[in-house]
Amino acid sequence: MESELKDLNSKPPNGNGNSVRDDRPLLKPEPPVSADSIADMEKKFAAYVRRDVYGTMGRGELPTKEKLLLGFALVTLLPIRVVLAVTILLFYYLICRVCTLFSAPTGEEEQEDYAHMSGWRRTIIVSCGRALSRLMLFIFGFYWIPESNSASQEDKSRQPEELRRPGVIISNHVSYLDILYHMSSSFPSFVAKRSVAKLPLVGLISKCLGCVYVQRESRSSDFKGVSAVVTDRIREAHQNESAPLMMLFPGTTTNGEFLLPFKTGGFLAKAPVLPVILQYHYQRFSPAWDSISGVRHVIFLLCQFVNYMEVIRLPVYHPSQQEMDDPKLYANNVRRLMATEGNLILSDIGLAEKRIYHAALNGNNSLPSVLHQKDE
């Protein structure tokens, strides 16, 4: 985040009426954060603290063995994985391009998608998307991903399909890798920034997923309109087996040990939800995307020979009448269930506190408090 800019016009002109050149630096240096301050912050913002070998923001002092492993992976494993990942992305983009030829997207201009296509086109897009997403995870070092169901999940499986069908998947959010897993598992529709739809390659793929686009910083009626679209899509998925399933992360990313407060958007439809818990285990580098930059995270992740993910699927949660009347109660009850089943710690902090923690780690202590900013 940017440091405070100094006022370039603060020096008065000299006696001749000419302005005196100000050679002071544009960026005001910030005092370093003390060890005590960091310790205090780690207690307050524990949900975003990295605890792996690479340390805070991935900038910790590495032991010699780790430096050697990282150096070797940088010149061998990293380029191979990057080439393979880009190849898969291009290949799937071509599949989506061919399958959407001469086919008009559904929905309004800013919410158009190809997820409501039927027939062989949709079958190919979904089948290839799931397979290639799993292959991408394999390339990234997730060679096996154990999945487990609770005992109650097995009992629920005996119910008729129409009673077990959820309208939305609710998952904890740890990393961008969560998206790849859910694509490989159920190929659902996500909520994404509107700018994603305009990205090369990824834009078309997101439309084939049926993503709902939102201007995340918006607090206008447009934002409320997107909420209505999500609610309608959840109801449609619950009532229509052929409709694309919605996938929501009710909270922002953490270090994987905590569960943040849930936003109520996924619970307004009063439809059953499928809770899914993702857990990343590690010995050296944590795949969690918490307080580390995106580029640094990708490089370190691809340099790790093996990565570990475990998935816990809970039973489809059917809301009571009281929960249907109170979406906040519905969201809180699902959150507590997921925390219990996944052995996660409940935390009341959110995105605003995450921004403060990141700003402090970057040495920017002059920013105004954003504690009162509403979470995205």
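Hydrogens, waters and symmetry mates are skipped; everything else that's a heavy atom, side chains included, is used.
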* **Sequence-distant partners of Y308, ring-ring contact (aromatic ring centres under 6.0 Å, His included), two or more places apart** => none
* Asked: What's the shortest heavy-atom distance between P250 and I170, and which atoms?
  -> CG-CG2, 3.5 Å
* Asked: Would you say the side-chain atoms of T253 pair up with the backbone N or O of W289, donor to acceptor, closer than 3.5 Å?
  -> yes
* To do: Check for a donor-acceptor pair, side chain of S184 on one end and backbone N or O of S133 on the other, with a separation under 3.5 Å.
  => no
* Asked: For F262, is the NZ or CZ atom of R336 found under 6.0 angstrom from the centre of its six-membered ring and inside 45 degrees of the ring axis?
  -> no
* Asked: Closest approach of F258 and A47, non-hydrogen atoms and distance?
  -> CD1-CA, 3.4 Å
* Asked: E147: what forms a side chain to side chain donor-acceptor pair (under 3.5 Å) with it, not counting sequence neighbours?
  -> Y181
* Structure fact -> Nearest heavy-atom contact between Y93 and L204 is CE1-CD2, 3.7 Å
* Asked: Using the ring of each side chain (for Trp, its six-membered ring), is F249 parallel, tilted or perpendicular to F190, with breaks at 30° and 60°?
  -> parallel
* Structure fact -> Sequence neighbours excluded, the answer for salt bridge (Lys or Arg N to Asp or Glu O under 4.0 Å) partners of E236 is none
* Asked: Short question: side chain of D326, backbone of Q322 - any donor-acceptor pair under 3.5 Å?
  -> no
* R194 (side chain) donor-acceptor with V214 (main chain) under 3.5 angstrom -> no
* Is R50 reaching over with its side chain to a backbone N or O of A288, donor-acceptor style, under 3.5 angstrom? -> yes
* What salt bridge (charged side-chain N to carboxylate O under 4.0 Å, His left out) pairs are there with at least one residue in residues 250-259, not counting sequence neighbours? -> R51-E257
* To do: Taking atom types as modelled, find out whether Y213 and D113 have a side-chain donor-acceptor pair closer than 3.5 angstrom.
  => no
* Assess whether atom OH of Y176 is packed by more than 12 heavy atoms of other residues, nucleotides or ligands within 6.0 Å. => yes
* Asked: Would you say S175's side chain and D178's backbone share a donor-acceptor pair under 3.5 angstrom?
  -> no
* Does the pair E61/K67 count as a salt bridge with the N-to-O cut at 4.0 Å? -> yes
* Asked: Is a side-chain donor or acceptor of T100 paired with a backbone partner of R97 at a separation under 3.5 angstrom?
  -> yes
* Structure fact -> side chain to side chain donor-acceptor pair (under 3.5 Å) pairs touching residues 69-90, sequence neighbours excluded, are R81-Y143
* Under the 3.5 angstrom rule, does the side chain of R284 hit a backbone N or O of D52 as a donor-acceptor pair? -> no
* Where do S189 and L209 come nearest, in terms of heavy atoms and distance? -> OG-O, 2.6 Å
* Asked: According to the interplanar angle, ranging from 0 to 90°, do the rings of F285 and Y54 count as parallel (below 30°), tilted (30 to 60°) or perpendicular (above 60°)?
  -> perpendicular
* Structure fact -> Residues at least two apart in sequence or cross-chain that pass side-chain contact (heavy atoms from CB on, under 4.5 Å) with I312, listed by chain then number, are S148, I277, Q279, L314
* Asked: Does any N or O in the side chain of E353 come within less than 3.5 Å of the main-chain N or O of G350, such that one atom is a donor and the other an acceptor?
  -> yes
* Asked: Is N172 reaching over with its side chain to a backbone N or O of L259, donor-acceptor style, under 3.5 angstrom?
  -> no
